[in-house]
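A short worksheet on the structure shown next.
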Amino acid sequence: MKLGIIGLPGSGKSVLFRALTGGLNPGDQRNRSDPGLGVVKVSDPRLDFLTQYHKPKKVTPVHVEYLDMAGLTGEGKQGRSLGDKFLSVIRPLDALVTCVRFFDSSSSGKPSPLGDYKNIEEEMILSDLSIVEKRLEKVAKDVSRGRKEFSEELELLTKAKDLLNEAKPLRLMKEVDQNDKLRGFAFLSAKPQLILLNTGENKTSDDAKTVMAELAEYVKDQPNVKLDWLYADTEAELAGLSPEEASEFLEEMSLEEGAKERIIKRSFELLNLIVFFTAGEPEVRAWSLVKGKTAVKAAGTVHSDMERGFIRAEVVAYDDFKAAGSMSAAHKAGKVRLEGRDYVVRDGDIMLFRFNV
Ligand SMILES: Nc1nc2c(ncn2[C@@H]2O[C@H](COP(=O)(O)OP(=O)(O)OP(=O)(O)O)[C@@H](O)[C@H]2O)c(=O)[nH]1
Ligand SMILES: [Mg+2]
């Protein structure tokens, strides 16, 4: 699961990257078009509980990967689209974290978050439009030569073009998500997006919330968009501290907790995934799975042999397991189910796969 941190130049992307991943210094990344990659674990109290119960040799949480991208040019207005290199890196990503500046900057002055966001959105729309137009030209030719198999694509692309020409993102067109052909284009303006307001230390949380409300109003019709805010600078400092130092630091800043965990969780939620667990003495592990997938696919995530030789899964919901207090009690209470390959996995399922290869 990879999310790209994008935003205008100097909006604090690298600081945000450091806040979330504890990774590279911002200077290391400035003016680079190749991204820095940071891997972070998604904390989960259920995994902690299972760990306490099994006392395993190894614990493996779910991970999210962030890429620190170079700044968008902010020149969408002049019709300049994003650089090819930049695009080739962000097109394949699962989602975007859009960093919006809400701090005073020496080079760019007072912040204008909504205006900046609109600029970024416009860049994405223009970039998608250029892809749509190119493809449309080819498909229109094919259809006019009597190749009927392209007429559906022609219709869909025309619809997409009309939407983009109204300066609207493709997220608003549900076919983009449902149709394989359209999904293949990996349109930027259709990607799930977390908008993060990078707030200056001289702003209060109420200031941030006021701006968030404006942004929320602007994107209110768009599916798969979430909003959050943080003091990226502060959080980046926090990321470099030991847990004891960090709690002292938070107290000094009169903050209850850091925003990092919350933002990582939000990033994960954006991706339409659930978590299932495998648990035993050797390893307790959380796995992510696309919502709606079946037991046999879950088995395949763990090991391809398990998918190939799948017999059945023994499943207990985390809440049932916790309520029962032990695996044997869960068995006695009839909470451990035998499920076949087509069982749709639910968030929090603890699964044991029986297989034969
Ligand atoms: N006050 C304040 N300054 C910040 C914050 N985040 C970033 N900055 C400052 O803004 C400047 C740019 O930050 P970067 O993280 O390098 O911005 P960027 O978006 O990665 O920039 P490019 O990669 O060059 O596009 C630096 O001088 C940071 O110290 C913040 O939360 N508060
Ligand atoms: Mg940077």
Side-chain angles (χ1 to χ4, degrees), residues 2-38 40 65-76 80-83 85-87 89-90 93 96-113 115-124 127 188 193-212 215 227-241 246 249-250 252-255 257-260 262-264:
K2 276 194 186 151
L3 295 101
I5 301 174
I6 63 164
L8 295 180
S11 56
K13 297 179 295 299
S14 299
V15 171
L16 172 62
F17 175 80
R18 212 151 41 94
L20 295 176
T21 67
L24 303 158
N25 283 312
D28 303 340
Q29 284 298 120
R30 197 156 301 150
N31 299 325
R32 282 171 51 174
S33 57
D34 54 330
L37 176 67
V40 298
E65 290 175 285
Y66 292 99
L67 281 109
D68 178 21
M69 306 294 306
L72 289 168
T73 60
E75 285 167 340
R80 293 247 316 253
S81 63
L82 306 164
K85 194 167 172 205
F86 177 83
L87 289 174
V89 178
I90 56 174
L93 300 177
L96 302 174
V97 176
T98 303
C99 179
V100 176
R101 181 171 68 90
F102 188 40
F103 58 86
D104 301 328
S105 130
S106 49
S107 52
S108 318
K110 291 252 171 266
S112 58
D116 285 358
Y117 178 73
K118 287 181 180 169
N119 271 340
I120 296 167
E121 186 179 71
E122 188 179 6
E123 292 247 5
M124 294 200 254
S127 156
L188 297 184
Q193 175 181 232
L194 171 62
I195 303 172
L196 269 186
L197 197 61
N198 184 6
T199 305
E201 298 71 15
N202 58 350
K203 305 270 194 290
T204 65
S205 59
D206 283 342
D207 295 336
K209 279 172 195 152
T210 306
V211 177
M212 294 242 298
L215 285 161
L227 280 153
D228 209 333
W229 71 282
L230 83 170
Y231 295 118
D233 232 9
T234 307
E235 296 279 339
E237 239 176 282
L238 257 180
L241 302 177
F249 182 78
L250 282 171
E252 256 168 54
M253 304 285 301
S254 342
L255 289 170
E257 52 170 11
K260 177 181 150 182
R262 187 185 74 226
I263 286 166
I264 292 170

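We're numbering straight along the sequence, starting at 1. The analysis underlying the following values was restricted to heavy atoms, covering all of them including side chains, and did not include hydrogens, waters or symmetry mates. All ligand and atom numbering here is 1-based and tracks the order in the structure.
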Within the 4.5 Å heavy-atom criterion, are [X] and [Y] side-chain neighbours or not?
| X | Y | value |
| --- | --- | --- |
| Pro113 | Leu197 | yes |
| Cys99 | Ile6 | no |
| Leu8 | Arg101 | no |
| Ile263 | Val97 | no |

Heavy atom of Ser11 under 4.0 Å from ligand 1?
yes

Heavy atom of Gly7, distance to ligand 1 below 4.0 Å
no

Can you name the atoms of ligand 1, numbered from 1 with element, that are less than 4.0 Å from a heavy atom of [X]?
| X | value |
| --- | --- |
| Thr199 | 31 (O) |
| Ala232 | 31 (O) |
| Asn198 | 5 (C), 6 (N), 30 (C), 31 (O) |
| Pro9 | 25 (O) |

Using the side-chain hydrogen bond (donor to acceptor under 3.5 Å, both in side chains) criterion, which residues pair with Thr98? Sequence neighbours excluded.
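If we apply the side-chain hydrogen bond (donor to acceptor under 3.5 Å, both in side chains) test to Thr98, skipping adjacent residues, the hits are Gln193.
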
For ligand 1, indicate whether the residue Val15 contacts it via side chain, backbone, both or neither (heavy-atom separation under 4.0 Å).
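Both parts.
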
Return the option from Lys13, Arg101, Glu201 holding the heavy atom at the smallest distance from atom 32 (N) of ligand 1.
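Shortest heavy-atom distance from atom 32 (N) of ligand 1: Glu201.
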
Search all heavy atoms of Phe103 against all heavy atoms of Thr199 and return the closest pair with its distance.
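Smallest heavy-atom distance, with atoms named: CB-C, 4.4 Å.
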
Donor-acceptor contact present, side-chain Asn198 to main-chain Ser11, <3.5 Å
yes

Report yes or no: does Ser14 have an N/O/S atom closer than 2.8 Å to the Mg ion (ligand 2)?
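Under 2.8 Å: Ser14 contacts the Mg ion (ligand 2) through an N, O or S atom.
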
Check: residues 229-237 side-chain donor-acceptor pairs under 3.5 Å, at least two apart:
residue	atom	partner	partner atom	Å
Tyr231	OH	Lys203	O	2.8
Glu235	OE1	Ala259	N	3.3
Glu235	OE2	Ala259	N	2.7

Indicate yes or no: does an N/O atom of Gly10 lie under 3.5 Å from an N/O atom of ligand 1?
yes

Would you say Asp233 and ligand 1 have an N/O pair spaced under 3.5 Å apart?
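By distance alone, the answer is yes.
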
